[in-house]
Amino acid sequence: MLDINFIRAHRERVEDAIRNKGYADEIDLDHILQLDDERRNLSGKADELRRERNQIAGQMKNGKPEPALIERGKAIKQELAKLEGMLAEIETSYIKELKAVPNVYEDDVPVGLSEDENQVDEVVGEKPVFDFTPKNHYEIGLQRDWIDKERAAKVTGARFAYIKGDMVKLQMAVINFVMNSLTNEAIVAEIIKKHHLTGLSTKPFVTVLPPLMLRTEMYDAMDRLEPREDRYKIEGEELWLQGSAEHVLGSMHSGEIFDEAELPIRYLGYATSFRQEAGTYGKDMEGIIRMHQFDKLEMESFTTKETSRQEHELFVAIQRWLVEQLGLPYRVIKKCTYDIGKPDARGIDIEVWLPGQGKYRETHTADYMTDYQSRRLNTRVRRADGTLELVHTNDATAFALGRIMIAIIENYQQADGSIRIPEALRKYLDGKESL
RNA sequence: GGAAGCGUGGCCGAGUGGUUGAAGGCGCACGACUCGAAAUCGUGUAUGCAGAAAUGUAUCGGAGGUUCGAAUCCUCUCGCUUCCGCCA
């Protein structure tokens, strides 16, 4: 959620965000500001009544109850109830409308109302050359008996799979590789140095196995509950399956106040994520590109406002480093205003080359939220000078395991269906060179 | 799932209807004392909203109710603890 005072002071930027993120039809800023005025006005009147009420209560304390005061008290009570009723009504629509206003975006975010306006920022790595016709991951998965969607269809329906055999070991190897790398301060420091992110802390990540569910209230405060059709709700509970570890990591410090010295706080979460994939019927049906359930390693951090933009760049730098360590060709996409999320001030995707599909596919995303999420989560920091302010949040994929295994399998395939193992993963697979 | 108890400030803890945003202690900050420190003493030390400020107002897990007046009484709800049941 944005600060109403920010909206008033930066009206144009907010209007740009509303228009360029595609919310023009849904949001009426004038109305929100008008509601805010009414709200302040009523709240002032209510405060005045309460003041009188408290004063009367104070007078009553020492003497015997005076009929006149009691009468006045009763009148105040009635009047206040009326005012509070009106106030609650206004407040409800005010908050509802204010919540709907998207975050403003950074200057370098391309403006555009469709994902066609996303910009390819950089293309890195050599696409592999094969002396045979490369297969897609599903063909290889079937050949090697690594992926079983037939039985999954029987048990759970479409968009589920049993992953088996060496492919499971491959996933475990990727997990171990990432966990070991990002908890290593030297590696974080090296990436910071390489990308000239001077001034950023080299603090390594803390690994987390988070809960896979979260309450409606927290999900909503994260501003990731919508669209609900894409979420799984637990029947009879105010609980949802998370669609990304970010949802449970970002909300874990809700209502807390950090000391400035504790920041940055960096988490590396590993969790299975769940998505209904509403509105994608018939899309990406081959293999395991788009599943209802997939495992993911996710980065999340809490920082001060001065370092949050660089932290976002660090997250992208880490993503690139991870992809490069696996020797995968990729490109960096600067997402346009339409494609970054409602709470996001900037968003970068990384797309890895998939020879089996003959195209780049999104494997990573990095979101920079400024204080948009923390305002409703009420996650704050006490600065060295004693003042309180909202923290800034960042999240980013380390690896979406399903998609990164697709990338490894397709890029490292050999004519006989075996897979060469990227150097960086070998030590986690008994030193083997292929699977 | 059943039963009981409990949820107060950074922490501990008092407070069962009337200036209680809340005693006391710990912690922390500043000051005094000291060559310096410890000890001691003094002062200060929650957050939101409105306001330039003075100040006002709200907040004692959350929501609602009773009352002229609620941290205190009632209802619901969330969380924690203990016992029983079940269980990876």
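Proteins get letters first, then strands, A, B, ... in listed order; numbering begins at 1 in each. Predicted model only: the values in this text are computed from it and were never measured. Heavy atoms only: backbone and side chains are in, while hydrogens, waters and symmetry mates are out.
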> Return the nucleotide paired to B/G17: Watson-Crick means purine N1 to pyrimidine N3 with N6-O4 or O6-N4, wobble means G-U with N1-O2 and O6-N3, both under 3.5 Å.
none
> For nucleotides 45-47 of chain B, give me every protein contact, N/O to N/O, under 3.5 Å, one pair per line with atom names.
{"from": "B/U47", "atom 1": "OP1", "to": "A/Arg382", "atom 2": "NH1", "distance (Å)": "3.2"}
{"from": "B/U47", "atom 1": "OP1", "to": "A/Arg382", "atom 2": "NH2", "distance (Å)": "3.3"}
{"from": "B/U47", "atom 1": "O3'", "to": "A/Arg380", "atom 2": "NH1", "distance (Å)": "3.0"}

> With both distances under 3.5 Å as the test, what is the Watson-Crick or G-U wobble partner of B/A32?
B/U40
> What integer distance in Å separates A/Asp3:CG from B/A50:C1'?
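Going from CG in A/Asp3 over to C1' in B/A50 covers 14 Å.
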> Using atom C1' of each nucleotide, how far apart are B/G24 and B/G36 to the nearest Å?
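Pairwise C1' distance, B/G24 against B/G36, rounds to 33 Å.
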> Send over the distance from A/Asn41 CG to B/A50 C1', rounded to a whole Å.
12 Å
> Indicate yes or no: at least one non-hydrogen side-chain atom of A/Leu435 is less than 4.5 angstrom from one of A/Ile421.
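Yes, their side chains come closer than 4.5 Å.
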> How far, in whole Å, is B/G5 from B/C74 if one measures between their P atoms?
12 Å
> If we take the P atom in both B/U59 and B/A39, what is their distance in whole Å?
40 Å
> For the residue pair A/Phe205 and A/Phe315, does the interplanar ring angle fall in the parallel (under 30°), tilted (30 to 60°) or perpendicular (over 60°) class?
tilted
> Whole Å only: how far is the CE atom of A/Met218 from the C1' atom of B/G79?
12 Å
> Can a side-chain donor-acceptor contact be found between A/Gln171 and A/Asp295 if the only test is distance below 3.5 angstrom?
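A pair is found: one side chain offers a donor N or O, the other an acceptor, under 3.5 Å apart.
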> Taking protein heavy atoms under 4.0 Å as touching, what does nucleotides 51-64 of chain B look like 5' to 3' if B marks base contact, S marks sugar-phosphate-only contact and - marks none?
S----BSS------
> Mind running salt bridge (charged side-chain N to carboxylate O under 4.0 Å, His left out) on A/Lys164 and A/Asp145 for me, showing each step along the way?
CA-CA 7 Å; A/Lys164 297 158 65 187; A/Asp145 199 20; 3.1 Å; yes
> So what's B/A63 paired with, Watson-Crick or G-U wobble, going by both distances under 3.5 Å?
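Paired with B/U75.
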> Please pick, from B/A50, B/C68, B/C78, the nucleotide with the shortest atom-to-atom distance to any side-chain atom of A/Arg215.
B/C78
> Whole-Å distance between B/C49 C1' and A/Leu98 CG?
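A/Leu98 atom CG is separated from B/C49 atom C1' by 14 Å.
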> Could you pull out all residues at least two apart from A/Asp28 that satisfy salt bridge (Lys or Arg N to Asp or Glu O under 4.0 Å)?
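Salt bridge (Lys or Arg N to Asp or Glu O under 4.0 Å) check on A/Asp28 returns nothing, list empty.
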> Name each donor-acceptor pair under 3.5 Å that joins a side chain in residues 252-261 of chain A to protein atoms two or more places apart or in another chain, with its distance.
{"from": "A/His253", "atom 1": "ND1", "to": "A/Glu256", "atom 2": "OE1", "distance (Å)": "2.9"}
{"from": "A/His253", "atom 1": "NE2", "to": "A/Tyr267", "atom 2": "OH", "distance (Å)": "2.7"}
{"from": "A/Ser254", "atom 1": "OG", "to": "A/Leu377", "atom 2": "O", "distance (Å)": "3.0"}
{"from": "A/Glu260", "atom 1": "OE1", "to": "A/Arg383", "atom 2": "NE", "distance (Å)": "3.0"}
{"from": "A/Glu260", "atom 1": "OE1", "to": "A/Ala384", "atom 2": "N", "distance (Å)": "2.6"}
{"from": "A/Glu260", "atom 1": "OE2", "to": "A/Arg383", "atom 2": "NE", "distance (Å)": "3.4"}
{"from": "A/Glu260", "atom 1": "OE2", "to": "A/Arg383", "atom 2": "NH2", "distance (Å)": "3.2"}

> Determine the Euclidean distance between corresponding C1' atoms of B/A22 and B/C80; express it in Å to zero decimal places.
24 Å
> How would you list, by chain and number, every residue that makes a salt bridge (Lys or Arg N to Asp or Glu O under 4.0 Å) with A/Asp47, sequence neighbours excluded?
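A/Arg50.
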> Apply salt bridge (Lys or Arg N to Asp or Glu O under 4.0 Å) to A/Glu52 and list each qualifying residue two or more places apart in sequence or on a separate chain.
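Residues passing salt bridge (Lys or Arg N to Asp or Glu O under 4.0 Å) with A/Glu52: A/Arg72.
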> What interatomic distance, in whole Å, is found between P of B/G56 and the corresponding atom of B/A63?
24 Å
> In whole angstrom, give the distance that lies between atom CD of A/Glu237 and atom P of B/U77.
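These atoms are roughly 14 Å apart.
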> Could you tell me the separation between the CG atom of A/Leu42 and the P atom of B/A50, rounded to a whole number of Å?
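Result: 15 Å.
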> Mind checking who B/A58 pairs with, Watson-Crick or G-U wobble, both distances under 3.5 Å?
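Looking at the geometry, B/A58 pairs with B/U47.
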> Measure from CD on A/Glu256 to P on B/C11 and round the result to the nearest Å.
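That distance rounds to 11 Å.
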> If we take the C1' atom in both B/U8 and B/A46, what is their distance in whole Å?
12 Å
> Could you tell me the separation between the CD atom of A/Glu91 and the P atom of B/A50, rounded to a whole number of Å?
11 Å
> Can you give the donor-acceptor pairs under 3.5 Å from side chains of residues 206-224 of chain A to other protein atoms, not counting sequence neighbours?
{"from": "A/Thr216", "atom 1": "OG1", "to": "A/Glu238", "atom 2": "OE1", "distance (Å)": "2.5"}
{"from": "A/Thr216", "atom 1": "OG1", "to": "A/Trp240", "atom 2": "NE1", "distance (Å)": "2.9"}
{"from": "A/Tyr219", "atom 1": "OH", "to": "A/Arg231", "atom 2": "NE", "distance (Å)": "3.1"}
{"from": "A/Tyr219", "atom 1": "OH", "to": "A/Gly243", "atom 2": "N", "distance (Å)": "3.0"}
{"from": "A/Tyr219", "atom 1": "OH", "to": "A/His247", "atom 2": "ND1", "distance (Å)": "2.9"}
{"from": "A/Asp220", "atom 1": "OD2", "to": "A/Lys99", "atom 2": "NZ", "distance (Å)": "2.9"}
{"from": "A/Asp220", "atom 1": "OD2", "to": "A/Arg376", "atom 2": "NH2", "distance (Å)": "2.7"}
{"from": "A/Asp223", "atom 1": "OD1", "to": "A/Lys342", "atom 2": "NZ", "distance (Å)": "3.0"}
{"from": "A/Asp223", "atom 1": "OD2", "to": "A/Lys342", "atom 2": "NZ", "distance (Å)": "3.0"}
{"from": "A/Arg224", "atom 1": "NE", "to": "A/Glu246", "atom 2": "OE2", "distance (Å)": "2.9"}
{"from": "A/Arg224", "atom 1": "NH2", "to": "A/Asp344", "atom 2": "OD1", "distance (Å)": "3.2"}

> When you compare B/A29 with B/U66, how far apart are their C1' atoms, in angstrom units rounded to a whole number?
44 Å
> In whole angstrom, give me the gap between the P atoms of B/A14 and B/U47.
25 Å
> Please list all pairs passing the ring pair (Phe, Tyr, Trp, His ring centres under 6.0 Å) test where one or both residues lie in residues 141-171 of chain A, with sequence neighbours left out.
A/Phe160-A/His292
> NA contact type, A/Lys77, heavy-atom cut-off 4.0 Å: base, sugar-phosphate, or nothing?
base
> Show me the donor-acceptor pairs, under 3.5 Å and distance only, between side chains in residues 180-194 of chain A and residues at least two apart or in other chains.
{"from": "A/Asn180", "atom 1": "ND2", "to": "A/Tyr428", "atom 2": "OH", "distance (Å)": "2.9"}
{"from": "A/Ser181", "atom 1": "OG", "to": "A/Phe177", "atom 2": "O", "distance (Å)": "2.7"}
{"from": "A/Thr183", "atom 1": "OG1", "to": "A/Met179", "atom 2": "O", "distance (Å)": "2.7"}
{"from": "A/Thr183", "atom 1": "OG1", "to": "A/Asn180", "atom 2": "O", "distance (Å)": "3.4"}
{"from": "A/Asn184", "atom 1": "OD1", "to": "A/Ala186", "atom 2": "N", "distance (Å)": "2.9"}
{"from": "A/Glu185", "atom 1": "OE2", "to": "A/Thr202", "atom 2": "OG1", "distance (Å)": "2.5"}

> Searching all strands shown, indicate the nucleotide that pairs with B/C83 (Watson-Crick or G-U wobble; both distances under 3.5 Å).
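Base-paired to B/G2.
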